Amino acid sequence: MELTNEQQQILNGEKGETMAKVMQTLVLYGQTFGATKMVPVTGEMGHLVTSFGLGVMKPVYELMDKLIADGAVSGQKFTVDPRPLDKNVPSDILKNLVFRKFMYSAQEPYDAQLEKLGLVDKTGYTCTCYLDQVGNKPKQGDVLSWAESSAVVYANSVLGARCNRNSGIIELFGSIVGYVPYFGLLTDEGRKATWVVEIKTSTVPEAQVLGSAIGMKVMEDVPYIKGLTNYIGTELDEKTCAYLKDFGAATASNGAVGLYHVEGLTPEAKEQGEDLIVKDPRTYVIDDKELARVKASYPVMWKNPDAAPKLCFVGCPHLSLEQLKDWTEQVSRGLKARGLAKVTVPTVFTAAPGVIEAFRQLPQAQTLKDTGVVLSYICPLMYMNNPLAGKMPVITNSNKLRTYTTARYYPSAEILDIITGGGRK
Amino acid sequence: MNVFQGRPVIPGTAEATALVSHGGFNTLASYQKSLMFGDKTAKCGDQNNPDLYQKPMAGTALCLPQTIGSTTGGMVLYCAHAMERSPACLLFAGHIDSLAAAGAVLSHVWTNRPLPTVDCLGEEFLNTVKTGDRIRVYEDGKVEIVSRP
């Protein structure tokens, strides 16, 4: 790999041994993918995936201590994925003991490490860092050093920024040295679509199932999606962006998609059209039957498939402000229609601290509180990733949460029906 | 054919018993439980992976198409390696993915023990190798199935 004088000096140890090892890691990582150079990180802020202080991950915390002690901290501020704990989320004594004493016993010291490394502030914990209320929103063409699959796919696809699907620690290293290896989704060639996906459904496809179907089919490839604007329009307004947020998260978690193009909608597809498609792409046609097939393929991980749901999570990835308002309206209306005051399944809506703050200024905040729904900044995935929560019958409209945990997926309309007293079909 | 030539991502030698995953290896789901509860054999906790679920992973020759799942993957692999619970080597049929590459490189640079990693071994490798086979990995990326139980 050809390095600039400055990059070579860092690698040679002129900024210390630790900085040299950080650079060595990035160079070796890039060489694995044939990168010929390192390019500057031009995005204003970073985003890290690791927000949880799992007590057992000592080697990670020791590495962070070494970075801090040797002054190898991030040159840019960063946001980070949501926290794993929130006392407002329904729990019990045993779970709290497991969460705080065994699993996330390193949370406080790790939070302190993040602050020293460059965390923007205490409100910077969310997977939807790109929302206006959070403020880590890259511009088209910005080169990023991010991780968190749902944020990376959103930044690449909806915002037109350039970022690879980096791992935890690698993304921090890019923010520390200010350079990332040039390969994959950073290059024009790597952003070309090798799949054409044609949407031919009778109604607007459920974002989370459509994303799941495409992710499972194309895995880490780039799809060019035709026909979706017939259902979701050609403007990147708040509603459409929220749809793409949930859709993208499913493509990235059910597969490994880091970038998709939607014909007539996403920035590069609008500018370049079918020039983005490679010669002789593979094709995938999605109709109602195909979506039904994909949805029916999800395994039910509950011990008792007929159990009554004990908890419901909505907001993985975190909800946007518009989604929060919309869900509040729908839950309130659904309960009124059945003559109920409170949701019939303990339910948690999750959103970024900044979005929650903005929502609390609105009259809908009281409406939501009255329904009994808990509003939290927690990461549902981190909550579910423990043996006790894993045994609970939890429902969700998130395909990402379904993929990584024992939570059971239902489309949003069915979730709404279940939590407002309609029961499970 | 019992010898396969791949690309040494992290060169090194190893001899270990094969553990074969035909589906994507979800690093976080596989390792979370064993890291959390002090299981030094690192039994795979990914219930979505029928090839590996509940099988010990530490010290094996892990043969796989690619890793999938959370972008914490590379960090988890590094952590497992630093805690001496990683496989003895990683053997990929296709090109290594960015998360596994991160784990292999982090282990190489930040621990004193490299994690020999070979990719581009070809589809035939995964079609041939079976869990329980004895595997030898050479510095130049050559992988040999030396015996079968």
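Keep in mind that this is a model prediction, so the values were computed, not measured. Protein chains get the first letters and strands the later ones, always in sequence-line order, with residue 1 at the start of each.
The distance from the CG atom of A/Leu85 to the CZ atom of A/Arg100 is 5.0 Å, given to the nearest 0.5 Å.
Under a 3.5 Å cut-off, the side chain of B/Asp97 and the backbone N or O of B/Leu99 do form a donor-acceptor pair. Side chain of B/Thr131 to backbone of B/Val20: a donor-acceptor contact under 3.5 angstrom is found. A donor-acceptor pair under 3.5 Å links the side-chain atoms of A/Asn156 to the main chain of A/Gly258, judged by distance alone. Judged purely by atom type and a 3.5 angstrom limit, A/Arg165 has no side-chain atom pairing as donor or acceptor with the backbone of A/Leu185. Looking only at distances, a side-chain donor or acceptor of A/Ser51 sits under 3.5 Å from a matching main-chain atom of A/Pro82. Under the 3.5 Å distance criterion, the side-chain polar atoms of A/Ser145 are matched with a main-chain donor or acceptor of A/Glu171.
At a 4.5 Å heavy-atom cutoff, A/Ser105 makes no contact with chain B through either its backbone or its side chain. Only the side chain of A/Tyr404 has a heavy atom closer than 4.5 Å to any heavy atom of chain B. Both the backbone and the side chain of A/Leu28 come within contact range of chain B, judged by heavy atoms closer than 4.5 Å. With a 4.5 angstrom heavy-atom cutoff, A/Tyr104 does not touch chain B via any of its atoms. Looking at B/Asp119, neither its backbone nor its side chain comes within 4.5 Å of chain A, counting heavy atoms on both sides. Using a 4.5 Å cut-off between heavy atoms, A/Val27 does not touch chain B at all. Heavy-atom distances place the side chain of B/Ile68, and not its backbone, under 4.5 Å from chain A. Looking at A/Phe173, only its side chain comes within 4.5 Å of chain B, counting heavy atoms on both sides. With a 4.5 Å cut-off on non-hydrogen atoms, A/Thr403 touches chain B through its backbone but not through its side chain. Proximity to chain B involves both the backbone and the side chain of A/Thr32, based on heavy atoms less than 4.5 angstrom apart. Heavy-atom distances place the backbone of A/Gln31, and not its side chain, under 4.5 Å from chain B.
Contacts with chain A (heavy atom to heavy atom, under 4.5 Å) involve these residues of residues 81-93 of chain B, listed by number: B/Ala82, B/Met83.
Using a 3.5 Å distance cut-off with no hydrogens or angles, the side chains of B/Arg134 and B/Thr17 do pair a donor with an acceptor. A donor-acceptor contact closer than 3.5 angstrom is absent between the side chains of B/Ser21 and B/Asp51. Counting only N and O atoms by type, the side chains of A/Ser167 and B/Tyr78 include no donor and acceptor under 3.5 Å apart.
If you tally non-hydrogen atom pairs under 4.5 Å between each of A/Leu63, A/Ile170, A/Leu381, A/Thr405 and chain B, the highest count goes to A/Leu63. In terms of non-hydrogen atom pairs under 4.5 Å with chain B, the most contact-rich of A/Thr50, A/Asp81, A/Thr25, A/Val49 is A/Thr25. Ranked by heavy-atom pairs under 4.5 Å with chain A, the list B/Ser70, B/Gly73, B/Ala80 is led by B/Ser70. Counting heavy-atom pairs closer than 4.5 Å to chain B, the top residue among A/Asn254, A/Val56, A/Thr406, A/Val60 is A/Val56. The candidate with the highest count of non-hydrogen atom pairs below 4.5 Å against chain A, out of B/Gly24, B/Cys79, B/Ala29, is B/Cys79. Ranked by heavy-atom pairs under 4.5 Å with chain B, the list A/Val152, A/Asn166, A/Leu54, A/Leu26 is led by A/Asn166.
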Exercise for the section: Under the side-chain hydrogen bond (donor to acceptor under 3.5 Å, both in side chains) rule, what do B/Glu144 and B/Tyr138 come out as? Steps first, then yes or no, please. Expected result: CA-CA 8 Å; B/Glu144 187 179 6; B/Tyr138 297 87; 2.7 Å; yes

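Other residues, nucleotides and ligands place no more than 12 heavy atoms under 6.0 Å from the NZ atom of A/Lys15. By the neighbour-count criterion of 12 heavy atoms within 6.0 Å, atom CD of A/Glu62 is densely surrounded, having more than that number from other residues, nucleotides or ligands.
Looking at A/Ile176 and A/Met19, their side chains come closer than 4.5 Å, going by heavy atoms from C-beta outward.
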